[in-house]
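The sequence lines fix the lettering, A, B, ..., with proteins before strands; numbering per chain opens at 1. Just so you know, these numbers come straight off a predicted model, no measurement behind them.
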There are 2 protein chains.
Amino acid sequence: MVQRKVPAVVIRRLPMYLRALERLDPKEVPIVSSEDIARMVGTSSGQVRKDLSYFGVFGKHGVGYQVYFLKEELRRILKLDREIKVGLIGAGNLGAALVRYHQKSKDHRPLEIVAVFDIDENKVGKKIADVEIFHMNDLTRKIAELNIRMMILAFPAEGVQAVVDQCIASGVKAFLNFVPVSLKVPEGVKVQTSDVTLELQSLVYYT
Amino acid sequence: MVQRKVPAVVIRRLPMYLRALERLDPKEVPIVSSEDIARMVGTSSGQVRKDLSYFGVFGKHGVGYQVYFLKEELRRILKLDREIKVGLIGAGNLGAALVRYHQKSKDHRPLEIVAVFDIDENKVGKKIADVEIFHMNDLTRKIAELNIRMMILAFPAEGVQAVVDQCIASGVKAFLNFVPVSLKVPEGVKVQTSDVTLELQSLVYYT
DNA sequence: TTATGTGAAGAGTTTCACAGCA
DNA sequence: TGCTGTGAAACTCTTCACATAA
């Protein structure tokens, strides 16, 4: 157990381990080895053990890990042991698809998309997969009211930075950004950008 | 200039530099410094210079980089100086949104989505943003026929590995994978996985 | 005997700082 | 003088290998 600064890469792998464990039935497979987990997520057993060691001691020498226990621990570490309210800005193609996709996926809990925001008056009041669409004018108010801590950005690139600043001022701590711009955020706020065009372009190098 | 193995991170940054340069009008801004580029993409000037140094010498000491020239060079390095045929499997919400999003984006060229594939007979023959939907039975044939080298995976998780193997056998060299599974591919084939659920889950850690 | 937990070595990336050229 | 190109240092992350505990 080290509990120094945990590398961001490690944090990105923990949900993979969690998902692998969730595919297992604890009644049939009550115990797994780091090797088992590694095989399921496509990494090495050493890496699994090292990653876990940042947070404590979870296994038994010569035995392995208790599936149920390790799952609980991973959820606790990732703060997935409570409900998390997520907002989404942009009720266009991508935004709507993301909401539907998220609602449909089995392992979306405990992440709950509780509000969609858009500037288009015609969309306001309607719903996407049971999630209500609010006007951008209500952004600040709704973030506070619904206690939204995470925001998904899925709208055209105009004025993203201003919107982000507004969110941060209202208490948003993390962004999943699908807008193709680089964002500036203060210390303590996390942005994860997913840029399909960029990813496609860099893949071409390998063809 | 080094031209050893180029780190994957470098390849992922080059399209960002390219996009930054494309935002500039070469008539107004014919020359940029590494510092200018760094500011636009949110990195350091040293990193920009180091990254470029893997591929050759593109700037002039004391002056900077000629925008037009550097753009051309970046396109050449990334192989974006020719048309690239891309396929997409899965005409669901996400798949359709990705096709529309890609067609609409200004900097999508020279990447062209030339075929969508789905198992649903009812969708076959229809179009999404002018791209025809083919049946999965025609996958292998169409990949060869249209010379598809890259595939976007956006369908439910059943049997992905088998589909991937089929694509590889037909000549696909790179995948952008939105399916939440870890894929096994041979040396020489590149997979970039984008998993919204995983990204959201890891972001929670920082809230 | 088996599989964990973890220092230490190794590999990969970023940052630094300065020589060198326009 | 100004900004590039690049080794070398600093830092981060992964792999290794083995002491250790069940």
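- Taken over five-pair windows at either terminus, the axes of the helix from C:dT1-D:dA22 to C:dA22-D:dT1 are inclined to one another by 0° (rounded to 10 degrees).
- For the salt bridge (Lys or Arg N to Asp or Glu O under 4.0 Å) test, residues two or more places apart in sequence or in another chain that qualify with A:R75 are A:E22, A:E72.
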So which protein N/O to nucleotides 7-11 of chain C N/O distances come out below 3.5 Å?
residue, atom, partner, partner atom, Å
C:dG7, N7, A:K50, NZ, 3.2

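- For B:K173, there are no salt bridge (Lys or Arg N to Asp or Glu O under 4.0 Å) partners at least two apart in sequence or on another chain.
- Taking a 4.0 Å limit (strictly below) on heavy-atom distances, residues 67-79 of chain B does not reach DNA chain D anywhere.
- Residues meeting the side-chain contact (heavy atoms from CB on, under 4.5 Å) test with A:A157, sequence neighbours left out: A:V179, A:V181.
- Within a heavy-atom distance below 4.0 Å of DNA chain C, no residue of residues 180-194 of chain A is found.
- With sequence neighbours excluded, the residues that form a side-chain contact (heavy atoms from CB on, under 4.5 Å) with A:D120 are A:D118, A:N122, A:K123.
- Looking at residues two or more places apart in sequence or on another chain, you find a salt bridge (Lys or Arg N to Asp or Glu O under 4.0 Å) between B:R13 and B:D51.
- Annotation: side chain of A:I168 is in contact with side chain of A:P186 (closest heavy-atom distance under 4.5 Å).
- Scanning for salt bridge (Lys or Arg N to Asp or Glu O under 4.0 Å) contacts around B:E83 gives an empty result, with sequence neighbours left out.
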Distances under 3.5 Å between protein N/O atoms and the N/O atoms of nucleotides 18-22 of chain D, please, pair by pair.
residue, atom, partner, partner atom, Å
D:dT20, O2, A:H61, ND1, 2.5
D:dA22, O4', A:H61, O, 3.3

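- Proximity of residues 31-45 of chain B to DNA chain D (heavy atom under 4.0 angstrom from any strand atom) is restricted to B:S33, B:S34.
- A:K5 places its NZ atom 11 Å from the P atom of D:dC13, with the value rounded to the nearest Å.
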